[in-house]
Amino acid sequence: MPSHAKAFAPGRVNLIGEHTDYNDGLALPFAIAAGVTVSAERSTGMFEVQLTDGGESDRFDADAIVAAPGWRAYPRGIVAELQLAGVELPAARLRISSTLPQRSGLASSAALTVALCLSLCALADVAQEPTDTARLCATVE
């Protein structure tokens, strides 16, 4: 199994259908060059998460995940959903960096969940079908 992994997920804009995709409406999104990168490295014990852009951090135990506000909810949610899907995750240090401005309508939270999911699956040496990844990330969103 790998000792580290890295994943990038692009932000997106909707040419048509802003905020209709999750309401079963029509949308025409496309990826942009800016996005979120998550680097994951195996560790022992707790999950440690560091935002490289804001200097914020979080720590949580995968065996006792509790809800958290803001960006902290996303790593916790991805870990919880991957565990529910049967993925055996090693504890990890996660470093999150982004070239997307938050709350700009560029799907920064979606990019974050996808990059988290892909990096953790790579670290666990698990390949998911893209549609399974999309569903899992949509659940966390």
| request: Would you check, one step at a time, whether the test side-chain contact (heavy atoms from CB on, under 4.5 Å) holds for Leu136 with Ile78? | output: CA-CA 8 Å; Leu136 187 140; Ile78 289 293; 3.7 Å; yes
| query | Would you say the side chain of Leu123 lies within less than 4.5 Å of the side chain of Pro90, judging by non-hydrogen atoms? | reply | yes
| Got a second to check how far Ile96's CD1 is from Thr52's OG1, nearest 0.5 Å? | 8.5 Å
| Nearest heavy-atom pair of Arg76 and Ala67: which atoms, and what distance? | NH1-O, 4.2 Å
| message | Minimum heavy-atom separation for Pro10 and Ala31, please, with both atom names. | response | CG-CB, 3.8 Å
| query | Got Asp58 and Pro75 here, is their nearest side-chain heavy-atom distance under 4.5 Å? | reply | no
| query | Is there a path from Leu51 to Leu94 through hydrophobic residues (I, L, V, M, F, W, Y) whose side chains come within less than 4.5 Å of each other? | reply | yes
| query | Quick one: do Trp71 and Leu116 end up in the same hydrophobic cluster if we chain Ile, Leu, Val, Met, Phe, Trp and Tyr together by side-chain heavy atoms under 4.5 Å apart? | reply | yes
| task | Give the minimum heavy-atom separation between Ser57 and Gln50, together with the two atoms involved. | result | CB-OE1, 3.7 Å
| task | Calculate, to the nearest 0.5 Å, the distance between atoms CZ and CZ belonging to Arg93 and Arg42 respectively. | result | 12.0 Å
| Arg12 and Pro29: which non-hydrogen atoms are nearest, and at how many Å? | CD-CB, 3.7 Å
| query | In a check of side-chain contact (heavy atoms from CB on, under 4.5 Å) between Val79 and each of Val140, Val87, Leu84, Ile65, which one passes? | reply | Ile65
| Note, Arg72 side chain near Val49 side chain (heavy atom, < 4.5 Å) | no
| request: Treating Ile, Leu, Val, Met, Phe, Trp and Tyr as nodes and any side-chain heavy-atom pair under 4.5 angstrom as an edge, say whether Leu112 and Leu106 lie in one connected cluster. | output: yes
| query | Do Leu100 and Ile32 come within less than 4.5 Å of each other through their side chains, counting heavy atoms only? | reply | yes
| field | Closest heavy-atom pair and its distance - Ala73, Ala68 | value | CB-O, 3.3 Å
| request: Identify whether Val36 and Val13 are in the same connected component of the hydrophobic contact network (ILVMFWY, side-chain heavy atoms under 4.5 Å). | output: yes
| note | Taken to the nearest 0.5 Å, the spacing of Cys117 SG from Tyr74 OH works out to 15.0 Å
| When you measure from the side chain of Ser119 to the backbone N and O of Lys6, does any donor-acceptor pair fall under 3.5 Å? | no
| request: Would you mind listing every ring-ring contact (aromatic ring centres under 6.0 Å, His included) that reaches into residues 38-64, with sequence neighbours excluded? | output: Phe47-Phe60
| task | Starting at OG1 of Thr133, measure out to CD of Glu81 and round the result to the nearest 0.5 Å. | result | 12.5 Å
| field | Gap between atom OG of Ser39 and atom CZ of Phe8 - 0.5 Å precision | value | 12.5 Å
| Considering residues, nucleotides and ligands other than Arg95, do more than 12 of their heavy atoms fall under 6.0 Å from its CZ? | no
| query | Considering all heavy atoms of both residues, which atom of Ala7 and which atom of Ala115 are nearest to each other, and what is their separation? | reply | CB-O, 3.6 Å
